[in-house]
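One structure is given below, encoded as structure tokens.
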Number of protein chains: 2
Amino acid sequence: MASAKQKPSPADLLVLEDFLPYRLSILSNRVSRAIAARYAKTFDLTIPEWRIIAVLGRRPGLTAKEIAEATEMDKVAVSRAVARLVVAKRLRASADADDARRQNLSLTAQGESVHARIAPIALAAEEKLLSALDARERRELDALLDRLLVAARSL
Amino acid sequence: MASAKQKPSPADLLVLEDFLPYRLSILSNRVSRAIAARYAKTFDLTIPEWRIIAVLGRRPGLTAKEIAEATEMDKVAVSRAVARLVVAKRLRASADADDARRQNLSLTAQGESVHARIAPIALAAEEKLLSALDARERRELDALLDRLLVAARSL
DNA sequence: TGCCATTGGTTTCAGATGAAACTAAATCGG
DNA sequence: CCGATTTAGTTTCATCTGAAACCAATGGCA
């Protein structure tokens with residue numbers, strides 16, 4: 001009998017626990033949930049809303065479209081989150097001088113306050129997560145993520 | 001006038017584009033979407049369903065609860081995905097001898113077929129993503145993810 | 001044995017989500 | 001200028017999602 005040449009089954013190759021997309025998904029979910037859990041109830045804020053506050057904190061005056069690009073959320077999500085934030089008086093929308101369809105969005109004092117209170121919480125969580133790594137490893141992680149983010153764009 | 005001591009605003013510290021949880025979320029979403037796009041329509045399969053097929057491919061006979069643990073999906077999602085897969089004759093559910101509440105789940109021939117056809121697609125996407133990295137960097141990424149996954153568990 | 005707490009799994013309900021249709025304003029081409 | 005196209009943003013609709021309630025079987029344990 002000739003030596004048995006085993007055909008590798010896909011099961012041998014695709015091990016969910018080792019599969020990068022799966023691992024990224026699990027890690028991302030764990031982290032996002034943990035952080036959201038810390039602010040969601042206290043501040044009555046969803047993740048999309050928090051992202052909008054975070055980006056407007058640094059870059060006031062963006063339009064909904066620009067927010068969508070900056071945060072990689074779709075425009076429906078942005079539209080809804082902005083609407084909620086405006087009702088909650090956390091965002092101010094002012095008509096754009098050049099284009100009546102656009103609104104320039106920025107944080108109100110209340111919005112700033114939310115931002116100022118959540119940012120430290122978020123940063124502390126990030127720091128806690130990163131405490132598993134030393135300085136060199138953090139730089140390495142950053143560099144790897146940069147490249148994976150680029151590569152993932154053209155998948 | 002005394003030298004102005006600037007109080008750093010949270011905006012200076014929390015830059016969304018540099019914030020690890022955010023970057024992980026973007027990366028994970030890009031990857032998952034890209035892969036799902038390749039099989040979702042063709043095979044009429046959702047991500048939860050695909051995960052269940054993947055895990056049962058390697059570990060036949062798991063119960064719904066074990067699947068939920070293995071895939072970190074919640075039991076509602078598992079229950080629904082299993083129900084769909086059974087209807088589609090991709091999974092077979094057989095009563096557990098010891099406990100009438102449990103069902104042992106495994107792939108049917110059709111389920112195996114789906115598995116065998118999707119696994120290469122998924123692996124090719126992973127490989128394409130990883131092509132941005134050399135062997136040493138891949139090992140490093142793996143090691144870093146291992147540790148972050150552990151750290152994220154206790155956030 | 002018979003009751004109670006626990007566990008595996010499903011259903012319900014209310015909110016989140018996204019693709020596609022839509023509205024209104026701006027731009028383009030003639 | 002005027003209609004056709006594009007763009008910013010909203011609404012609709014159908015689906016997805018998860019927390020909580022629920023049901024049924026099991027495992028204590030008195």
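The figures here come from the full heavy-atom set of this structure, side chains too, leaving out hydrogens, waters and symmetry mates. Note on naming: letters A, B, ... go to the chains in the order of the sequence lines (proteins, then strands), and numbering restarts at 1 for each one. Fair warning: this is a prediction, and the values are worked out from it, not measured in the lab.
- If R102(A) and V76(A) are placed on DNA chain D by their nearest nucleotide, the residue sitting closer to the 5' end is R102(A).
- R33(B) comes within 4.0 angstrom of sugar-phosphate atoms only, judged by non-hydrogen atoms across all strands, and of no base.
- Of the two residues near DNA chain D, E66(A) and A100(B), the one whose nearest nucleotide lies more 5' is E66(A).
- Between R84(A) atom CZ and dG15(C) atom P there is a gap of 11 Å when expressed in whole angstrom units.
- Atom CG of L85(B) and atom C1' of dT10(C) are 16 Å apart (whole Å).
- With hydrogens and angles ignored, no donor-acceptor pair under 3.5 angstrom links the side chain of K65(B) to the base of dG8(C).
- In this entry the distance linking CD of Q103(B) with C1' of dG9(C) reads 9 Å, nearest Å.
- Protein atom CG of D96(B) is 11 Å distant from nucleotide atom P of dG8(C), rounded to whole Å.
- The number of heavy atoms from other shown groups lying within 6.0 Å of CZ (R38(A)) is above 12.
- Rounded to whole Å, atom C1' of dG9(C) lies 14 Å from atom CE of M73(B).
- The closest side-chain donor-acceptor pair between R51(B) and S25(A) falls under 3.5 angstrom.
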*Just do the side-chain contact (heavy atoms from CB on, under 4.5 Å) check on V31(B) and L20(A) with the steps written out, would you?*
CA-CA 9 Å; V31(B) 173; L20(A) 180 59; over 6 Å; no
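- Atom-to-atom, CG of N104(A) to P of dG9(D) comes out at 9 Å; the value is rounded to the nearest Å.
- Nucleotides of DNA chain C nearest to T63(B) and D98(A) differ in position, and the one nearer the 5' end is that of T63(B).
- A salt bridge does not link K75(B) to E66(B): none of the charged nitrogens lies less than 4.0 Å from a carboxylate oxygen.
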*side-chain contact (heavy atoms from CB on, under 4.5 Å) between L149(A) and R23(B): does it pass, once the steps are laid out?*
CA-CA 8 Å; L149(A) 280 162; R23(B) 278 154 56 89; 4.0 Å; yes
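- Judged by atom type and distance alone, R80(A) reaches the base of dG18(C) through a side-chain donor-acceptor pair under 3.5 Å.
- When rounded to the nearest whole Å, the span between CG of L105(B) and P of dT10(C) equals 9 Å.
- Comparing P48(A) and V82(B) by the nucleotide of DNA chain C whose heavy atom lies nearest to each, the residue mapping closer to the 5' end is V82(B).
- We find that NZ of K75(A) is positioned 14 Å from P of dG18(C), with the value rounded to whole Å.
- Between the side chain of R101(A) and the base of dA8(D), no donor-acceptor pair under 3.5 Å is found.
- Nearest nucleotide to the side chain of S79(A), out of dT10(D), dT6(C), dG18(D): dT10(D).
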